[in-house]
Amino acid sequence: MARWLVAGAAGMLGTDLSAVLEEAGHEVTRADLPGLDILDPASCAAAVAGHDVVVNCAAYTAVDAAETDEARAFAVNAVGAAHLARAVDAAGASLVHVSTDYVVAGDGSRPYPADAPVAPASAYGRTKAAGEWAVRAECPRTWVVRTAWLYGAHGRSIPATVARLAAERETFGFVADQVGQPTWTVDLAHGIRRIVEAGAPHGIWHATGAGETTWYGLAQAVLEELGLDPARVRPLTTEDYPLPAPRPAYSVLAHDMWAEHGLEPLPHWRDALHRASPVLFGGAAR
């Protein structure tokens, strides 16, 4: 079994990934601030030593705040990622770098392949795109794993927000004109494990829940899992709910490379939500 280092292990994905890897028999080092500071090259080098695989789950993910704090987002998502990748390469290890659907234009109508042009519309997307370029330049043994619409039991997420709103209000709205792929962090963790264990080719991989929906559709599905009337959520437009950062209208990512390399992709997003509900909502879900 491999020796893994998970950077950003205290976060929503890092927590589930560490648990999945440990359950599979891998030796896992969980690293986060203050023990590992990816803005410090020496800290990265010390943390990486002795590991076979490093997963970078550390990121600046405040999408709206990045519009006025792009320098800080760039420091973490690009410069910090480069520091970590350089340390990984020097140690002869491999890197998994977690990225996002925000790096594509988001104005298409068909799933984006892994080789689609990078054309981010937001500050957050620009910093993540820069990070993708940086880690691949610094460490050829890198899997860039793009994901989207993450939710899990160990962080803030839309399903948790829907459950809270349902307890507080009779009706509420969610945006119905943005299309994407809800992804459970546990499923993503297993996907990352499969890519690495299979020795799959390095490069860009898309790891999102299969299928597609809107935020409105996801909210309806959460209400169904809670045994509540999905009609309690009403559709909104992006204009109805303006935010500082532009959101992709359509950022569905294609999964062709999984079949090409004989790997099982992530399950359908609706199936994942059903399996995740007991973990997310406990006794609240039927």
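Counting only distance, with no hydrogens or angles, the side chain of D32 and the backbone of A9 share a donor-acceptor pair below 3.5 Å. Judged by distance alone, the side chain of R72 and the main-chain N or O of A66 form no donor-acceptor pair under 3.5 Å. Side chain of S94 to backbone of T142: no donor-acceptor contact under 3.5 angstrom is found. R232 places a side-chain N or O within 3.5 Å of a backbone atom of E170 that can act as its donor or acceptor partner. D187 contributes no side-chain N or O that, together with a main-chain N or O of L266, makes up a donor-acceptor pair within less than 3.5 Å. Side chain of W143 to main chain of P201: a donor-acceptor pair is present (N/O by atom type, distance under 3.5 Å, no hydrogens or angles). In this structure, the side chain of S99 does not engage the main chain of V145 through any donor-acceptor pair within 3.5 Å. Looking only at distances, a side-chain donor or acceptor of K128 sits under 3.5 Å from a matching main-chain atom of V98.
Cluster membership check: V28 shares its hydrophobic cluster with V196, using side-chain heavy-atom separations under 4.5 Å among Ile, Leu, Val, Met, Phe, Trp and Tyr. Residues L228 and Y216 fall within the same hydrophobic cluster, defined by Ile, Leu, Val, Met, Phe, Trp and Tyr side chains chained together at heavy-atom separations under 4.5 Å. Tracing side-chain contacts under 4.5 Å through hydrophobic residues (I, L, V, M, F, W, Y), one reaches L188 starting from L21; they form part of the same cluster. V104 and W205 are not part of a single hydrophobic cluster, where members link through side-chain heavy atoms under 4.5 Å apart. Residue V179 is grouped with residue L253 when hydrophobic side chains (ILVMFWY) are merged at heavy-atom distances under 4.5 angstrom, including chains of intermediate members.
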- Task: Tell me, with the steps shown, if L150 and W184 meet side chain to side chain contact (heavy atoms under 4.5 Å, CB included).
- Result: CA-CA 6 Å; L150 282 185; W184 185 23; over 6 Å; no

- Query: I195 and V96: side chain to side chain contact (heavy atoms under 4.5 Å, CB included), yes or no, with the steps?
  - Reply: CA-CA 10 Å; I195 289 171; V96 178; over 6 Å; no

- Message: Apply salt bridge (charged side-chain N to carboxylate O under 4.0 Å, His left out) to residues E23 and R193 and explain how you reach the verdict.
- Response: CA-CA 11 Å; E23 290 167 4; R193 177 185 57 77; over 6 Å; no

- Message: Between D177 and T214, does the side chain to side chain contact (heavy atoms under 4.5 Å, CB included) criterion hold? Intermediate values first, please.
- Response: CA-CA 7 Å; D177 58 359; T214 63; over 6 Å; no

- For W4 and V54, run side chain to side chain contact (heavy atoms under 4.5 Å, CB included): C-alpha distance rounded to whole Å, both residues' side-chain angles, the deciding distance at 0.1 Å, then the answer. CA-CA 6 Å; W4 293 63; V54 176; over 6 Å; no

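Taking all atoms of both residues into account, the shortest heavy-atom contact from A219 to V233 is CB-CG2, 3.9 Å. Nearest approach of G125 to V103, heavy atoms of both residues: O-CG1, 3.9 Å. For the pair I204 and A114, the tightest heavy-atom approach, listed with the atom from each and the gap, is O-CB, 3.6 Å. Across all their heavy atoms, C57 and V6 have their closest contact at SG-CG1, 4.2 Å. L5 approaches A31 most closely through the heavy-atom pair CD1-CB, 3.6 Å. Residue W149 comes nearest to T213 through the heavy atom pair CH2-O, 3.6 Å, listed as atom of the first residue, atom of the second, then distance.
The neighbour count for R141 CZ, taken as heavy atoms of other residues, nucleotides or ligands under 6.0 Å away, is above 12. At most 12 heavy atoms of other shown residues, nucleotides or ligands fall within 6.0 angstrom of atom CD in E27. Around atom CD of E239, no more than 12 heavy atoms belonging to other residues, nucleotides or ligands sit under 6.0 Å away.
Between atom CG of residue L95 and atom CG of residue D89 there is a gap of 10.0 Å, rounded to the nearest 0.5 Å. Rounding to the nearest 0.5 angstrom, the gap separating the NE2 atom in H202 from the CZ atom in R136 is 11.0 Å. For the atom pair CZ of F174 and OG1 of T161, the computed distance is 6.0 Å after rounding to the nearest 0.5 Å. Separating the OH atom in Y60 from the CD atom in E70 is a distance of 10.0 Å, to the nearest 0.5 Å. Between the CD atom in E67 and the OG atom in S122 there is a gap of 6.0 Å [rounded to 0.5 Å]. Between the OH atom in Y241 and the CG atom in L236 there is a gap of 9.0 Å [rounded to 0.5 Å].
A donor atom on one side chain and an acceptor atom on the other are not found under 3.5 Å apart for Q181 and W269. Using modelled atom types, one finds a donor on one side chain and an acceptor on the other under 3.5 Å when comparing H26 with E197. With hydrogens and angles left out, the side-chain atoms of Y250 and E212 include a donor and acceptor closer than 3.5 Å. One side chain, H206 or R146, offers a donor N or O that lies under 3.5 Å from an acceptor on the other. Residues D101 and Y112 bring no donor and acceptor atom of their side chains to less than 3.5 Å of each other. With 3.5 Å as the limit, one finds a donor-acceptor pair spanning the side chains of T238 and Q178.
Side chains of E264 and R194 form a contact here, defined as non-hydrogen atoms less than 4.5 Å apart. Using a 4.5 Å heavy-atom threshold, the side chains of V55 and L17 count as touching. The side-chain heavy atoms of M257 and P265, taken from C-beta on, include no pair separated by under 4.5 Å. Contact of the R247 side chain with the D64 side chain is registered, since non-hydrogen atoms from C-beta on lie closer than 4.5 Å. By the 4.5 Å heavy-atom criterion applied to side chains, Y151 and L280 are counted as neighbours. In this structure, the side chains of L223 and V162 come closer than 4.5 Å at one or more pairs of heavy atoms.
Ring-plane geometry between Y102 and Y124 is classed as perpendicular, the angle between the planes exceeding 60 degrees on a 0 to 90 degree scale with a lower cut at 30.
Ion pairing between R270 and E224 holds under the 4.0 Å rule for side-chain N and carboxylate O. Between E168 and R164 a salt bridge is recorded (basic side-chain N to carboxylate O distance below 4.0 Å). Taking a cutoff of 4.0 Å between a charged side-chain nitrogen and a carboxylate oxygen, E225 and R275 do not qualify as a salt bridge.
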Anything under 3.5 Å between a donor and an acceptor, one on a side chain of residues 35-50, the other on a protein residue two or more places apart or in another chain? List them.
residue: D37; atom: OD1; partner: L39; partner atom: N; Å: 3.0
residue: D40; atom: OD1; partner: A42; partner atom: N; Å: 3.0
residue: S43; atom: OG; partner: D37; partner atom: N; Å: 3.0

